[in-house]
Number of protein chains: 2
Amino acid sequence: MARATRLPDHPVARAAIIQHMLAGAGLRVTRPRQAIAEVLLLAWDHPDAEAVLARARAIDPSISQATTYRTLAVLADKGYLRTHNFGTGGARYEVAEQHHDHLVDVDTGAVMEFVSAEIEALQQKIADRFGYDIVDHQLVLFGKQRAKG
Amino acid sequence: MARATRLPDHPVARAAIIQHMLAGAGLRVTRPRQAIAEVLLLAWDHPDAEAVLARARAIDPSISQATTYRTLAVLADKGYLRTHNFGTGGARYEVAEQHHDHLVDVDTGAVMEFVSAEIEALQQKIADRFGYDIVDHQLVLFGKQRAKG
DNA sequence: TTAGATGCAAACAATTTGCATCAAA
DNA sequence: TTTGATGCAAATTGTTTGCATCTAA
């Protein structure tokens, strides 16, 4: 049930998408950043900085940890990435497309995505009670797979 | 609008509650742990480990960082405390009483608490779709105070 | 050309651990 | 008394930064 990749197969189209993302974030389009962006766009999971670095080095072995963290930070800051903190370990990243929330399998660590317009509507109702406007939210469900019976 | 303290004023009653919490977690009732538990039970906010340590040292200056982290970890593991990750900085702790979620003021860092039975019901409906039972969840709304009109 | 990006290594921040000593049960 | 708890300091983990050197624009 792996999600389809977010990048087209055609190498020119891929390069164009990556370029758009980096330039859109106000960044120069360098080789390390292209590798990092490609890694994120290809990721079907929610890798942490270490995993992003490892995968990026498969494309270009000279990429440093510092560049990885710096690039992740800028892209997240500019809204191209979302960061999450699922309990222990470092921050985990994913390309920010349509907003969605997460269901984490506490036994396997697998992460599923979902959206619920109903929940989002209720959230704003709650914020209203406090006199607030919501600028962001995070909802993480932790669950166990139900035994087949 | 500070929440009332979770501990009674009477010193004997306070000691009994703290003892109950520590013993209930399978821990020996030591002076450092009593101080840490008292700090958490008295906390009206959501202190991080550093703040817990500082407040505990006001009770007993000899308390170490290691004991603070160790005690927080066990109490959280046993379900007496909840931990949160509101963006940057270390984990933040609070006594686990009735479950509730949080609304964080992105400008001031203030944290408000709320519960919504409606949202919780929808959460289980979503987990059902994946064949999961929810064992825990975390919902954090980030908001800005609405300008007074 | 030149401002911005890089790798490296050192610095930081948050948390965990080994160990000799201490104290609750 | 003996098993678990403590403080200390060192080790880990995750992340950030200074700096001399590159390189995209």
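Letters A, B, ... mirror the listed sequences (proteins, then strands); counts begin at 1. Hydrogens, waters and symmetry mates play no part in the numbers below; they use all other heavy atoms, side chains included.
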Measure from the side-chain heavy atoms of A/T30 and tell me the nearest of C/dT6, D/dT6, C/dG7.
C/dT6
Checking C/dG7, D/dG7, D/dT6 against the side chain of A/S62 (C-beta onward), the nearest is C/dG7
Looking at [N], I'd like to know if its phosphate oxygens (OP1 or OP2) sit under 4.0 Å from a side-chain N or O belonging to [X].
X: B/R33; N: C/dA24; result: no
X: A/Y69; N: D/dT16; result: no
X: A/R70; N: C/dG4; result: no
X: B/T67; N: D/dA5; result: no

May I ask you to test the B/L81-B/M21 pair for a side-chain heavy-atom distance under 4.5 Å?
yes
Here's a test of your reading of the structure: between B/A66 and B/G26, which maps to the more 5' nucleotide of DNA chain D?
B/G26
Using whole Å, what does the distance between atom [atom2] of nucleotide [N] and atom [atom1] of [X] come to?
X: B/Q34; N: C/dA23; atom1: CD; atom2: P; result: 14 Å
X: B/L72; N: C/dA14; atom1: CG; atom2: P; result: 14 Å
X: B/Q65; N: C/dA14; atom1: CD; atom2: P; result: 10 Å
X: B/I63; N: C/dC22; atom1: CD1; atom2: P; result: 18 Å
X: A/N85; N: D/dG14; atom1: CG; atom2: C1'; result: 11 Å
X: B/R31; N: C/dA24; atom1: CZ; atom2: P; result: 9 Å
X: B/L27; N: D/dA5; atom1: CG; atom2: P; result: 6 Å
X: B/R28; N: D/dG4; atom1: CZ; atom2: C1'; result: 4 Å

Does A/D101 use its side chain to pair, donor to acceptor, with the backbone of A/L139 at less than 3.5 Å?
yes
Distance-only, no hydrogens or angles: does the B/R92 side chain make a donor-acceptor pair with backbone N or O of B/D48 under 3.5 Å?
no
Begin from the C-alpha positions of A/Q138 and A/H84 and carry the test side-chain hydrogen bond (donor to acceptor under 3.5 Å, both in side chains) through to its verdict.
CA-CA 9 Å; A/Q138 269 176 222; A/H84 302 282; 5.8 Å; no
Touch class at under 4.0 angstrom, heavy-atom based, for B/A91 against every strand present:
sugar-phosphate
Minimum heavy-atom distance B/D105-A/Y132, with the two atoms named:
OD2-OH, 2.5 Å
Please compare A/D60 and B/A49 by the position of their nearest nucleotide in DNA chain C and report the one closer to 5'.
A/D60
